[in-house]
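Chain A is the first sequence line, chain B the second, and so forth, proteins listed ahead of strands; every chain is numbered from 1. Everything quoted here is computed from the prediction, not taken from an experiment.
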There are 2 protein chains.
Amino acid sequence: MTLRGRKKGETVPQGVVVRLPVYFRYLAELEAAGAERISSAQLGEALDFTAAQIRSDLSYFGSFGQQGYGYNVTDLLDQVKQILGITRDYSIVLVGAGNLGKAIGSYEWFRDEGFQIKAIFDIDPHLIGNYHVGCIIRPLDELTAYLAENPTDIGIIATPKDAGQSVCDLLVEGGVGSIWNFSPTHLNVPDEVIVEDMHLTDSLLRLVFRLNEQNLGQEQA
Amino acid sequence: MTLRGRKKGETVPQGVVVRLPVYFRYLAELEAAGAERISSAQLGEALDFTAAQIRSDLSYFGSFGQQGYGYNVTDLLDQVKQILGITRDYSIVLVGAGNLGKAIGSYEWFRDEGFQIKAIFDIDPHLIGNYHVGCIIRPLDELTAYLAENPTDIGIIATPKDAGQSVCDLLVEGGVGSIWNFSPTHLNVPDEVIVEDMHLTDSLLRLVFRLNEQNLGQEQA
DNA sequence: TAGATTGTTAATCGATTAACAATC
DNA sequence: TAGATTGTTAATCGATTAACAATC
């Protein structure tokens, strides 16, 4: 990946990382709908961002637009795919084959975009041996041996809270460099390991906080 | 809720809203483990925040600590519950009873904390009429009539992308003030409606971006 | 060409951090 | 009391926005 616009070593702000997938999603929708061009103003209107922010975000990675025209939808989509890194496949292990784990594993979009769940692990004897999305569910005991044989990009933790950290440790020791964490606990990992949290409980609590904040405002008015 | 520390009308920064549920989660763990007191430095150490940030965040809502001592775990947990608003029950409808919808509905924690799924809707004739977590799955046609009879705090959208906006419109027209959105699309709503997005795809893409960003750094080194 | 829109700079805004007086 | 730690202020840092020259 060439980083035309970005100086070497300059880190990308967190906000940009959050917005890039949003751009990707909407550009994919636009392309599917047959749209040819889009301006930063139109993008901003559709996604509730300012046009300046979108141009500023994109300029971290290069110059993808044309004055007086805007952006070509297909070109920009390709660029964003490049930037995000969804140009190759990723190998994944899923730990935890309960309701949530199974739902994650069944998500078609992942498979379509090259995210391949290669193995599933659980501790529940009732689940072990069953098949899910083409994978046999294996005992957690075998995780370490599996990782030694099969280099893995991403580990998904879909276990209850109590098991989160110990499963995380097994994954990290096994050389997995990034963790997608659905277990509702804070994971401690070495600096070089990436953790992306997907805390359903936190999200619902943010919603409730804002709901009350709003009602409070209305009471005072 | 009294807002001792916060001036009227002052809005709470987004970062604080993100961190409050993290504090809640960890304090609940501490209390379950029998811990009596905790300092901002210890909290920061455990959760990878600075002590100053934690004290600053809490001071938006009041003074809950004691110089030379820190915070009493139970007291602070109660205060955070108050702040978040999880002191009453919330009524919920769930739209979409596929894998993800069912997994969300089955999450025990929600029920324990007073989040009550009162009704489930779907369009799939194979699902309609089935029971899930004690609710019969109803046809989406009946959503509007249901909402007219049953005031609802939160609507969960666990449909595919294409149905997201139309289901959202039905919920908003039915008077639902907040939407927990799992469908991978940006929802347009009136200003007063709260949307909390839970985009699995976005989260995975953030992870992949950071994975590549890191690898890039290593190549250059 | 005239109109439109980019990429970028400078100005603004807001959030985080460091430091410390207050005090348990 | 002496030691510890809060709550808050001022300083720093970083992100967003507004504006505009460049140019398609």
| field | Nucleotide nearest A/Ser39 when distance is taken to its side chain, options C/dT6, D/dT5, C/dT17 | value | C/dT6
| If you find the nucleotide of DNA chain D closest to A/Pro13 and the one closest to A/Ala52, which residue's nucleotide is nearer the 5' end? | A/Pro13
| Base, sugar-phosphate alone, or nothing: which one does B/Ser56 contact when heavy atoms must sit under 4.0 Å apart? | base
| field | Separation of atom CG in A/Leu43 from atom C1' in C/dT5, rounded to whole Å | value | 13 Å
| Will you find, in the side chains of B/Gln53 and B/Asp57, an N or O donor that is under 3.5 Å from an N or O acceptor? | no
| remark: The reported gap from CG in B/Leu94 to CG in B/Asp122 (rounded to nearest 0.5 angstrom) is 8.5 Å
| field | Proximal nucleotide (of C/dG7, D/dT16, C/dT17) relative to the A/Gln53 side chain | value | D/dT16
| remark: From CZ of A/Arg37 across to P of D/dC24 the rounded distance in Å is 15 Å
| query | Given that B/Ala41 and A/Val16 both sit by DNA chain D, which one's nearest nucleotide is further toward the 5' end? | reply | B/Ala41
| What's the CZ-P distance between B/Arg55 and D/dT6, to the nearest Å? | 5 Å
| Counting just side-chain N and O atoms, does A/Tyr71 come under 4.0 Å of either OP1 or OP2 of C/dG7? | yes
| Just how far, in rounded Å, is C1' of C/dT5 from CG of A/Asn72? | 15 Å
| query | Counting side-chain heavy atoms from CB outward, which of D/dT23, C/dG7, D/dT6 is closest to A/Gln67? | reply | D/dT23
| said: Measuring to OP1 and OP2 of C/dA15, would you say a side-chain N or O of B/Arg19 lies under 4.0 angstrom away? | reply: no
| Can you name the closest pair of heavy atoms from A/Ser106 and A/Val133 and give their distance? | CA-CG1, 3.9 Å
| said: Quick check for you: to the nearest 0.5 Å, what is the distance between A/Met198 atom CE and A/Ile156 atom CD1? | reply: 11.5 Å
| Counting N and O atoms only, with roles assigned by atom type, does the side chain of A/Ser178 sit under 3.5 Å from a partner on the main chain of A/Asp153, one being a donor and the other an acceptor? | yes
| query | A/Tyr60 OH to C/dT8 P: how many Å, rounded? | reply | 12 Å
| request: Supply the atom-to-atom distance B/Asn99 CG to B/Ile104 CD1, rounded to the nearest 0.5 angstrom. | output: 11.0 Å
| request: Treating a pair as Watson-Crick (purine N1 to pyrimidine N3 plus N6-O4 or O6-N4) or G-U wobble (N1-O2 and O6-N3) with both distances under 3.5 Å, list the stems of 3 or more consecutive pairs that involve DNA chain C. | output: C:3-24 with D:3-24
| query | Of the nucleotides D/dC20, C/dA15, C/dT17, which one has an atom closest to the side chain of B/Thr50? | reply | C/dT17
| request: Can you tell me the distance, in whole Å, between the CD atom of B/Gln14 and the P atom of D/dG14? | output: 20 Å
| request: Select one nucleotide: of D/dC24, D/dT8, D/dT16, the one nearest the side-chain heavy atoms of A/Gln66. | output: D/dC24
| task | Just say parallel, tilted or perpendicular for the rings of B/Tyr23 and B/Phe49, cut-offs at 30° and 60°. | result | perpendicular
| request: In whole angstrom, give the distance that lies between atom CG of A/Leu20 and atom P of D/dA15. | output: 14 Å
| Nucleotide nearest B/Ser40 (side chain, heavy atoms from C-beta), chosen from D/dT6, C/dT6, C/dA18 | D/dT6
| said: To the closest 0.5 Å, what do you measure between CD (B/Glu31) and OH (B/Tyr26)? | reply: 13.5 Å
| query | What is the distance from CZ of B/Phe61 to P of D/dG7, rounded to the nearest Å? | reply | 13 Å
